[in-house]
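One structure is given here, and the rest of the page talks about it.
One-based numbering, in listed order, for ligands and for the atoms of each.
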Amino acid sequence: LAGQPKLRTVKYYRLSEVEERNSSKSTWIIINYKVYDVTKFLEEHPGGEEVLREQAGGDATESFEDVGHSSDAREMATSFVIGELHPEDRPKIQKPPVRRRVVSSHSWWTNLVIPGLAAAVVTLLYRLYMSEE
Ligand code: HEM
């Protein structure tokens, strides 16, 4: 019915379940935490089946984005979505989709260790200087 709110329940898959679907009988890939069943699409993919097979059972976000797929391709992709990666398994995937920019090249420990070392050196030099008097 028009105007009726659609109730959508999201099916979550564990990473281990996706990893099992890595054959030509069943090929699943993950893009931006969504799970795609591309089994029937393999032969029709304009980029070839090989590239999809290589990513089968795993996270294809980076490869998908690197190709610079058209908006048509993205639209097409939505028809293969079967669910989403279980939230608890999302950190297991290496690259988060958005945060690409490196905020600081210093890690937290260099910010502690370098001033710490500097303070130690100054103290040492001061002690040496005082002991010579
Ligand atoms: C559901 C997922 C996918 C869909 C619906 C899809 C669809 C398409 C479409 C429609 C094209 C034609 C060019 C365009 O419109 O951008 C294309 C090209 C291509 N795709 Fe995909 N693709 C998918 C996943 C992937 C993945 C995961 C990879 C890499 C592992 C990949 C690699 C390529 C390559 C290399 C090309 C060829 C680009 C060229 O010839 O310039 N695709 N894909």
Side-chain angles (χ1 to χ4, degrees):
L1 284 173
Q4 197 88 6
K6 275 186 210 139
L7 275 179
R8 280 200 299 156
T9 45
V10 178
K11 171 93 177 101
Y12 286 123
Y13 294 97
R14 303 306 303 227
L15 186 57
S16 56
E17 293 177 86
V18 179
E19 281 167 350
E20 285 167 15
R21 309 306 185 110
N22 61 0
S23 69
S24 48
K25 256 197 260 160
S26 186
T27 310
W28 291 7
I29 53 172
I30 301 164
I31 301 170
N32 292 325
Y33 303 137
K34 291 204 172 76
V35 179
Y36 296 79
D37 183 348
V38 292
T39 317
K40 298 211 172 77
F41 179 62
L42 286 176
E43 289 176 20
E44 287 151 39
H45 181 222
E49 21 181 324
E50 199 51 41
V51 286
L52 291 180
R53 279 185 201 284
E54 277 169 19
Q55 308 294 324
D59 182 39
T61 307
E62 205 184 9
S63 338
F64 183 83
E65 300 298 348
D66 282 350
V67 171
H69 280 94
S70 65
S71 47
D72 276 355
R74 286 163 195 279
E75 184 67 36
M76 188 187 284
T78 59
S79 63
F80 301 109
V81 175
I82 53 167
E84 292 182 18
L85 186 63
H86 194 287
E88 276 174 31
D89 286 347
R90 292 179 188 202
K92 292 184 192 163
I93 280 180
Q94 278 161 355
K95 283 129 208 144
V98 259
R99 267 176 292 133
R100 281 238 163 147
R101 219 159 47 91
V102 177
V103 177
S104 164
S105 56
H106 294 290
S107 55
W108 65 270
W109 65 269
T110 45
N111 292 339
L112 285 179
V113 168
I114 292 173
L117 280 176
V121 168
V122 168
T123 311
L124 199 71
L125 288 174
Y126 179 74
R127 290 229 180 119
L128 275 173
Y129 176 75
M130 293 306 271
S131 63
E132 271 168 23
E133 301 256 304

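- Inside a 4.0 Å radius of atom 27 (C) of ligand 1 there is at least one protein heavy atom.
- Under the 4.5 Å side-chain contact rule for hydrophobic residues, Tyr36 and Trp28 do not share a cluster.
- In this structure, atom 21 (Fe) of ligand 1 is in close contact with the protein, since a protein heavy atom lies within 4.0 Å of it.
- Taken together through direct or relayed side-chain contacts under 4.5 Å among Ile, Leu, Val, Met, Phe, Trp and Tyr, Val81 and Phe64 form part of one hydrophobic cluster.
- Put simply, atom 41 (O) of ligand 1 has no protein non-hydrogen atoms near it, under 4.0 Å away.
- Neither the backbone nor the side chain of Asp72 has any atom closer than 4.0 Å to an atom of ligand 1 (non-hydrogen atoms only).
- Nearest heavy atom pair, residue Thr39 against residue Ser26, reads OG1-CA, 3.6 Å.
- The CD atom of Glu43 lies 11.5 Å from the CG atom of Leu52; values are rounded to the nearest 0.5 Å.
- Taking every heavy atom of Ala60 and a limit of under 4.0 angstrom, the matching atoms of ligand 1 come to 27 (C).
- Here Thr27 contributes atom OG1 and Phe41 contributes atom CZ; the two are 12.0 Å apart, rounded to the nearest 0.5 Å.
- Glu75 is linked by a salt bridge (charged side-chain N to carboxylate O under 4.0 Å, His left out) to nothing, counting only residues two or more places apart in sequence or in another chain.
- The shortest N/O to N/O separation between Ser70 and ligand 1 falls below 3.5 Å.
- Considering only non-hydrogen protein atoms, atom 29 (C) of ligand 1 sits nearest to Ser63 CB, 3.6 Å.
- Both tests pass for Lys11 against the ring of Tyr13: distance under 6.0 Å to the centre and angle within 45° of the axis.
- Counting atoms of ligand 1 from 1 in the listed order, those under 4.0 Å from a heavy atom of Val38 are 1 (C).
- Cluster annotation: Ile31 and Ile82 are assigned to distinct hydrophobic clusters (Ile/Leu/Val/Met/Phe/Trp/Tyr, side-chain heavy-atom contacts under 4.5 Å, transitive).
- The closest side-chain donor-acceptor pair between Asp72 and Ser70, if any, does not fall under 3.5 angstrom.
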Checking side-chain contact (heavy atoms from CB on, under 4.5 Å) for the pair Ile93/Asp89: CA distance, chi angles, key distance, verdict?
CA-CA 7 Å; Ile93 280 180; Asp89 286 347; over 6 Å; no
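- Placement of Leu15 and Tyr33 within a single hydrophobic cluster is found when ILVMFWY residues are connected by side-chain heavy-atom separations under 4.5 Å, directly or transitively.
- Ordered by chain and number, His45 NE2, His69 NE2 make up the set of protein N, O or S atoms under 2.8 Å of atom 21 (Fe) of ligand 1.
- Set against the non-hydrogen atoms of Phe41, the atoms of ligand 1 under 4.0 Å away are 3 (C), 4 (C), 5 (C), 6 (C), 7 (C).
- Per-atom contact check: atom 1 (C) of ligand 1 touches the protein, criterion being a heavy-atom distance below 4.0 Å.
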